[in-house]
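Only heavy atoms go into these numbers, but all of them, side chains included; no hydrogens, no water, no symmetry mates.
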Amino acid sequence: MLFNPPSPLEVKVLTVRFGLPNSASIDTFLANDGYKAFEKSLDMTQEQIIQEVKDSNLRGRGGAGFPTGMKWGFVPRQSPKPKYIVVNSDESEPGTCKDRVLIENDPHMLIEGCLIAAQAVGSKTGYIYIRGEYRYLIDVMDKAIGEAYARGYLGKNILGRGVDFDLYTHTGAGAYECGEESALLESLEGNRGQPRIRPPFPAVAGLYACPTVLNNVETFAAVPSILLMGGKAWADLGVAKAGGTKLTCLTGHFNRTGVYELPLGFPVEKMINEVGGGVRGGLKMKAFIPGGSSCPVLTGDEAWPLTMDYDSMAKAGTMLGSGGVVLMDENTDMVKAALRIMHFYQHESCGWCIPCREGTTWLKKLLTRLDRGMGTEKDIDLVGDVSKNMMGRTFCPLGDAAALPTESIVRKFRHEFEAKIAKTQISMAGVASPFVVV
Amino acid sequence: MTFSPELEAKLTKLVNSYPAGRLKSALIPMLMFTQDEVGSITPELVKEIANRLKITPVQVDEVVTYYSMLHKKPMGKYHIQVCTNISCLLWDGDKLYEHARHKLGLGHKEVSADGQFSLEEVECMGACSWAPAIQVNYDFHHHVTPEKLDEIIDSLRKLH
Ligand SMILES: Cc1cc2nc3c(=O)[nH]c(=O)nc-3n(C[C@H](O)[C@H](O)[C@H](O)COP(=O)(O)O)c2cc1C
Ligand code: FES
């Protein structure tokens, strides 16, 4: 099923089979280059597979953008312990809805990516951790896995080549924090989703303290096309240090919201005006989030000249993130937006470390007060201060994810916070006690 | 406790998905699948799962209290979840939630007296490009207007 009509500006590499009849079935997959990359990998050495992935300049699509080939290279392949493949399909970063589209339209591409990763590190078992809300995708995935077993692409002695690999789905139960890799592993082991101290990183000690390749759905899904095209050709689809294409979710005030596959380095202006059909209602863009609500927020003016890649976004003081673009038009209430974003992080903070648990709670209280016009100038400063003090001081990056958008919104849109205070001061003149307890 | 044969088959497959000695890994999926049939995580269910996975009831309980989709009290037969997170907010998800509250006469996590409906304001559910979005149990509905929400609820009411 297609979720939105494609755009002629898309470069279809991961989404080539989308829209074909029964695109999720193994027959459609096999008739359209499916499992060819895996067969190719059977004739390659582990070093060769990892080298192709390195050459592709593929960077993790879950948000952090870590080079995938390098990560696979960290796995101690000589270790006598079993190695695991874990797919992060927790997809909970607000603004992000691409992994869902990938699995629904082409689940075998993900299976093939897992098979190749398993070849690269010598793994015999993989798990696909799917967020609880995506229950129907468990059925889609289980069906595809069943087909792959039936056709000999999973299980024992795959394609008669002496390779074994088992793949299972595993459901989450509602927790953003379980998208964080170490919390995900805790959850997969049947525990509360609380993060682990690192190092050691999952590549060395992940699931059951064994070496683990943990990547986002889109990262694994990109691997078959890398082997088929060759790493260098795949890299050339994108820009320097960021190869390939990215599934980009246009959300918020676009005329044509949707998920589109765009090459890395795609101009923001072209993305908004031509892919997304411009800002809804012909209005001006007030704010722009490049990849999920954890990114620092840009003003419209800052965003227009940029390109959608890691370096361009880093230079502008933000991140490419997960691909969840959020566009806010000139009528958006930025105080309310900041509060809603913090409401999320406060709710999802796992409570394990104090700066995150207390920080998000206090920020939510302050922002609630400011949104109701009951705050003071000092509260605005305090929001900035608390945010800055959380950054880099929490056990896992959820604290940063809460602080970064908040700090940028109060800094760049301070006048909106001040305007809310001024408005109530006028209407509350003469009222004895303007305090609100929240 | 006895479950339906379909659920038992699912649970058997589940516990065989993990390496020897790693049975506890099945805990969260087992809670989710059994909750769907039982209706909520009852004390009896906690004991049953603890037995099956050879862990203590407290180890089950500490996990239940962590995850937002695991409920100790039954939700309505139709659990209406309205997303008001940022991408949905920008398409009036907050107003949609208000509309749902009035239509159902329920607040956040409340269940109707007849047990048919419950309401929850939820976080991003991965439907951001087709906002505002709701889920009725596990079914997604995209680009939901107040009128469309009324239709969905009315058609569910008619089933009874
Ligand atoms: C709070 C938090 C939530 C995260 N949620 C997700 C998620 O839903 N999906 C995802 O792929 N990565 C998520 N990540 C990133 C993962 O920790 C990890 O970096 C990623 O899955 C690695 O895969 P990649 O290199 O292919 O991106 C999250 C990180 C944090 C700190
Ligand atoms: S923000 Fe509502 S589904 Fe993502």
Side-chain angles (χ1 to χ4, degrees), chain A residues 3-4 82 91-101 125 127 131-136 138 166 168-176 178 187-194 207-208 249-254 257-259 289 293 324 326-329 332 336-337 340-341 343-344 347-348 350, chain B residues 10 13-14 16-19 21-33 35-36 41 49 53 55 59-60 62-71 81 83-91 93-94 120-131 133 135 137-140 142-143:
Chain A
F3 287 75
N4 50 268
E91 186 157 76
S92 316
E93 173 74 15
T96 318
C97 48
K98 63 183 177 73
D99 297 338
R100 182 176 159 207
V101 179
T125 314
Y127 295 97
R131 68 179 296 185
E133 292 84 350
Y134 287 179
R135 170 60 61 83
Y136 79 105
I138 299 247
D166 287 306
Y168 305 96
T169 53
H170 180 106
T171 180
Y176 168 66
C178 289
S187 182
L188 191 46
E189 292 184 12
N191 302 323
R192 291 165 76 89
Q194 277 157 350
L207 185 61
Y208 312 129
C249 323
L250 302 190
T251 83
H253 297 144
F254 286 94
T257 58
V259 176
I289 305 179
S293 69
V326 185
L327 188 156
M328 304 184 211
D329 72 21
T332 308
K336 192 169 161 188
R340 187 59 187 85
I341 290 173
H343 177 90
F344 169 71
H347 182 256
E348 300 298 332
C350 78
Chain B
K10 212 167 170 169
K13 183 172 170 237
L14 181 69
N16 290 319
S17 302
Y18 307 95
R22 302 293 181 180
L23 203 53
K24 196 184 179 208
S25 272
L27 178 55
I28 292 152
M30 194 176 260
L31 284 164
M32 286 286 277
F33 297 154
Q35 172 177 268
D36 286 346
I41 309 291
I49 290 182
L53 298 184
I55 52 180
Q59 285 175 297
V60 178
E62 67 165 13
V63 162
V64 172
T65 52
Y66 180 88
Y67 293 92
S68 67
M69 292 179 76
L70 299 174
H71 305 287
Q81 300 145 84
C83 174
T84 61
N85 208 319
I86 189 73
S87 303
C88 287
L89 178 73
L90 297 172
W91 283 86
D94 56 337
E120 187 173 351
E121 179 183 10
V122 294
E123 298 300 347
C124 175
M125 51 172 77
C128 330
S129 283
W130 313 285
Q135 267 191 302
N137 301 337
Y138 291 114
D139 296 333
F140 280 92
H142 297 144
H143 298 303

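- Looking at B:Val64, neither its backbone nor its side chain comes within 4.5 Å of chain A, counting heavy atoms on both sides.
- Heavy atoms of A:Tyr136 lying under 4.5 Å from chain B belong exclusively to its side chain.
- Top candidate by heavy-atom pairs under 4.5 Å with chain B, chosen from A:His253, A:Glu133, A:Arg192, is A:Arg192.
- Looking at A:Val326, the atoms closer than 4.5 Å to chain B (heavy atoms on both sides) all sit in the side chain, from C-beta outward.
- Listed options B:Cys128, B:Cys124, B:Pro19 were ranked by heavy-atom pairs under 4.5 angstrom with chain A; first place goes to B:Cys128.
- Looking at B:Asp94, the atoms closer than 4.5 Å to chain A (heavy atoms on both sides) all sit in the side chain, from C-beta outward.
- Residue B:Phe140 touches chain A through its side chain alone, counting heavy-atom pairs closer than 4.5 Å.
- Of the atoms belonging to A:Leu327, it is backbone heavy atoms, and not side-chain ones, that fall under 4.5 Å from chain B.
- With a 4.5 Å cut-off on non-hydrogen atoms, A:Glu93 touches chain B through its backbone but not through its side chain.
- Per-residue counts of heavy-atom pairs under 4.5 Å with chain B were compared for A:Cys249, A:Gly193, A:Ser92; the largest is that of A:Gly193.
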(request) Evaluate the criterion side chain to side chain contact (heavy atoms under 4.5 Å, CB included) for residue pair A:Arg135 and B:Phe33; output intermediate values, then yes/no. (result) CA-CA 10 Å; A:Arg135 170 60 61 83; B:Phe33 297 154; 3.6 Å; yes
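- Below 30°, between 30° and 60°, or above 60°: for A:Tyr127 and A:Tyr168 the angle between ring planes is below 30°, a parallel geometry.
- Within the 4.5 angstrom heavy-atom criterion, only side-chain atoms of A:Thr332, from C-beta onward, approach chain B.
- The candidate with the highest count of non-hydrogen atom pairs below 4.5 Å against chain B, out of A:Gly258, A:Ala175, A:Ala337, is A:Gly258.
- Closest approach of B:Cys88 to B:Ala133, counting heavy atoms only: SG-N, 3.6 Å.
- Between A:His347 and A:His343, the ring-plane angle classifies as parallel under the 30° and 60° cut-offs.
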